[in-house]
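Here is the structure we will look at.
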Number of protein chains: 2
Amino acid sequence: MEDGKLTVRAVERALDIMLCFTGASELTLTEIATRVQLHKSTVHRLLASLEGKGFIMRDEATDKYRLGYRLWELSANLSKEGDPGIILLPEMERLRDQLGETISLYVQDGLVRVRIQAVQSNHAIRRVAPVGARMPLYVGASSKVLVAFAEPGLLEQLLTSADWPTGLDTQAYLQQLSDTRRAGFATSVEEREPGAAAVSAPILDRGGRLVAALAVSGPANRLTLELMQEQAPTIMEAARRMGTMLR
Amino acid sequence: MEDGKLTVRAVERALDIMLCFTGASELTLTEIATRVQLHKSTVHRLLASLEGKGFIMRDEATDKYRLGYRLWELSANLSKEGDPGIILLPEMERLRDQLGETISLYVQDGLVRVRIQAVQSNHAIRRVAPVGARMPLYVGASSKVLVAFAEPGLLEQLLTSADWPTGLDTQAYLQQLSDTRRAGFATSVEEREPGAAAVSAPILDRGGRLVAALAVSGPANRLTLELMQEQAPTIMEAARRMGTMLR
DNA sequence: AACAAGGTTTCATATAGTGAAACAGTTTGG
DNA sequence: CCAAACTGTTTCACTATATGAAACCTTGTT
């Protein structure tokens, strides 16, 4: 073996298959096979193994493959008291009540970010934030946080990606990332969405590794840059507390 | 290969390793090796593969292995709109408001059940139901539901388990299970816990497979057998609706 | 009916995963 | 303080085991 990684190929392939399902909830065998660049029979055997253990299931109606509920069971063991999405909810609600704006939780997933949990602002005019929404990783406050605190490889991947917006000033972007790392939070004003603004801070686990980005977002006329900078310490403190809840 | 299962051994082993973490949040390599009956070096390689893809991580402090946050990401893709534990919450709250008692969600996990979500009753005297709690699978309304609607293999495993209570009347127990299957719900009065009673109904996915048990529980003097039987249709209907939310 | 387009199984081949044993770090404890 | 007893990690020869091409089923479509 050349690469020096003491690892088992079949397992990595099986895990890659599971990762195909981020962004696509149902896939056929051949769709999976083309995505992971393997032959149908290989994928079929790996899927059979995954299905046997409940990590993958098949939709009765469409006969397509989807993720299995075993994953839900396991994710309940991630933190002290169960599912992180549930654990962090009270803290998010507290922050919402304190700041009055919509609170979201994002994780990086490949070259996009996913909104994994959200509590809505009580204002009449508010950002609507559906859980499960996927958005690009190159604009927005949470994107900056997710990239700035991620493993170094991600940035490189992003910059060389075909989706990278050609009009963007790379120098300025890299500066923003290092600013984010230093300050411990990021802001954005009408970056991803006209009329919207956001502040975001990283949630880190005990080892200091990035788990998710906590974000406060709302209309740009209410969330001015000054206000967001004023609120940043509160948000960072909430994110820190949330990190400790995940063990 | 003898068993006729067209499957990949290394992958099954890796998945078994992940399943070790139901019930134990942190494990050392050797602990895992003894649990799955494999040699250290094999487990080490499998763990390296799992860790590389984010399915397993290591606690910086203790250096023990634990589940990785990649599982959380994936579990958010299980249902249409994200994490099932979050999706089902509104429906559970509605049921709580309607019936006034504590609502819980259980999944079967090996030979125990795990409370994976709960909303508390508003009564002064109420069952306290911490999320993440694990309890035996041989008593209580939800246990009956989980066993009655599970794959047939589970019952056999339970009956031959060392933990099976010797004093229990197996005939009567099997009768209760078939009653549960027929009626579509189960009740329990002071079975697992003195002074407590519960009604439970299965949440099934589209394919009719068991996903979780929905339970209403409270003090036995408030939740009489008659009242529970009266409430059963409401609970079964809620469970049915919750099933459809999971696709 | 014949044809696609998906999924499933078979089978020869050599790659790729295996476990014993040796190595390297830590903590225990006498 | 050194030895013993744990951990986790790496090496290596062996062959069991996963692999992909191709053949074979099931579907639904024209």
Side-chain angles (χ1 to χ4, degrees), chain A residues 1-21 24-68 206-207 209 247, chain B residues 1-21 24-68 206-207 209 247:
Chain A
M1 201 178 282
E2 288 297 308
D3 48 346
K5 301 175 74 182
L6 284 307
T7 183
V8 12
R9 194 183 56 166
V11 172
E12 294 196 312
R13 288 175 165 184
L15 299 178
D16 282 336
I17 286 177
M18 281 205 262
L19 294 176
C20 286
F21 289 89
S25 61
E26 286 189 344
L27 292 169
T28 70
L29 186 143
T30 31
E31 278 171 344
I32 298 170
T34 54
R35 288 193 188 214
V36 296
Q37 299 273 49
L38 292 171
H39 293 256
K40 283 194 303 178
S41 53
T42 306
V43 173
H44 182 257
R45 250 174 293 117
L46 295 172
L47 279 170
S49 313
L50 289 164
E51 193 181 356
K53 300 283 176 186
F55 286 79
I56 290 278
M57 54 190 269
R58 305 185 69 167
D59 194 304
E60 294 288 306
T62 64
D63 224 52
K64 289 183 172 183
Y65 292 91
R66 41 185 18 269
L67 294 173
R206 283 230 181 127
R209 272 169 313 217
R247 283 223 189 212
Chain B
M1 200 178 283
E2 288 297 307
D3 48 345
K5 301 175 76 183
L6 284 307
T7 184
V8 179
R9 193 183 57 165
V11 172
E12 295 196 312
R13 289 175 165 186
L15 300 178
D16 283 336
I17 286 177
M18 281 205 263
L19 294 176
C20 285
F21 289 89
S25 60
E26 286 188 343
L27 291 170
T28 69
L29 186 145
T30 31
E31 278 171 346
I32 298 169
T34 54
R35 287 193 188 212
V36 297
Q37 300 272 51
L38 292 172
H39 292 258
K40 283 192 303 178
S41 52
T42 306
V43 173
H44 183 257
R45 251 174 291 117
L46 294 171
L47 280 171
S49 313
L50 290 164
E51 194 181 356
K53 299 284 177 187
F55 285 80
I56 290 278
M57 54 190 269
R58 304 184 68 167
D59 194 303
E60 294 287 305
T62 64
D63 224 52
K64 289 182 169 183
Y65 292 91
R66 44 185 14 271
L67 294 172
R206 284 232 181 126
R209 273 169 313 218
R247 282 220 189 215

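Values below: all heavy atoms of this structure, side chains included; hydrogens, waters and symmetry mates excluded. Quick note on labels: first sequence line is chain A, next is B, and so on, each numbered from 1. Only a predicted model underlies this, so the values are computations on that prediction, with no experimental measurement involved.
Considering only heavy atoms from C-beta on, A:Phe55 stays 4.5 Å or farther from A:Leu15 through its side chain. Between B:Arg13 and B:Val36 there is no side-chain heavy-atom pair separated by less than 4.5 Å.
Whole-Å rounding puts the A:Ile17 CD1 to C:dG7 P distance at 13 Å. Atom pair A:Gln37:CD and D:dT19:P shows a separation of 16 Å (rounding to whole Å applied). Atom CZ of A:Arg9 and atom P of C:dG17 are 6 Å apart (whole Å). Between the CD atom of A:Glu12 and the C1' atom of C:dG17 there is a distance of 13 Å, given to the nearest Å. When the P atom of C:dG7 is taken as reference, atom CD1 of A:Ile56 falls 13 Å away, rounded to whole Å. In this structure, A:Glu31 atom CD and C:dA5 atom C1' are separated by 12 Å, rounded to whole Å. Rounded to an integer number of Å, the gap from B:Leu47 CG to C:dG17 P is 15 Å. For B:Ile32 and D:dT9, the CD1 to P distance is 11 Å, given to the nearest whole Å.
Listed here is the closest heavy atom pair of A:Ile32 and A:Cys20: CG2-SG, 4.5 Å. Minimum interatomic distance between B:Val8 and A:Leu46 (heavy atoms only, all atoms of both residues): CG2-CD2, 3.7 Å. A:Glu31 and A:Glu26 make their closest contact through OE1-O, 4.2 Å (heavy atoms, listed as atom of the first residue, atom of the second, distance). When all heavy atoms are compared, the tightest approach of A:Thr7 to A:Glu12 is OG1-OE2, 3.3 Å. Between B:Thr28 and B:Tyr65 the shortest heavy-atom distance is C-CD1, 4.4 Å.
Atom name P, nucleotides D:dC14 and C:dT13: the rounded distance is 22 Å, in whole Å. Remark: the separation of the C1' atoms in C:dC11 and C:dT15 is 16 Å, to the nearest Å.
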Return the polar atom pairs (N/O with N/O) between nucleotides 24-29 of chain D and the protein under 3.5 Å, or none.
none

Atom pairs under 3.5 Å: protein N/O with N/O of nucleotides 8-11 of chain C:
{"residue": "C:dT8", "atom": "OP1", "partner": "A:Arg58", "partner atom": "NH1", "Å": "2.9"}
{"residue": "C:dT8", "atom": "OP2", "partner": "A:His44", "partner atom": "NE2", "Å": "2.9"}
{"residue": "C:dT8", "atom": "OP2", "partner": "A:Tyr65", "partner atom": "OH", "Å": "3.1"}
{"residue": "C:dT8", "atom": "O5'", "partner": "A:His44", "partner atom": "NE2", "Å": "3.2"}

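For B:Thr30, no side-chain nitrogen or oxygen approaches OP1 or OP2 of D:dC6 to under 4.0 Å. Side-chain N/O atoms of A:Arg13 include one lying less than 4.0 angstrom from OP1 or OP2 on D:dT19. At D:dT7, none of the side-chain N or O atoms of B:Thr28 fall inside 4.0 Å of OP1 or OP2 (strictly under the cut-off).
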Could you go step by step and tell me if B:Ser49 and B:Arg45 meet the side-chain contact (heavy atoms from CB on, under 4.5 Å) rule?
CA-CA 6 Å; B:Ser49 313; B:Arg45 251 174 291 117; 5.6 Å; no

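Between A:Ala10 and A:Leu27, the residue anchored nearer the 5' end of DNA chain C, judged by the nucleotide with its closest heavy atom, is A:Leu27.
Put simply, NZ on A:Lys53 and CE on B:Met18 are 11.0 Å apart, with the number rounded to the nearest 0.5 Å.
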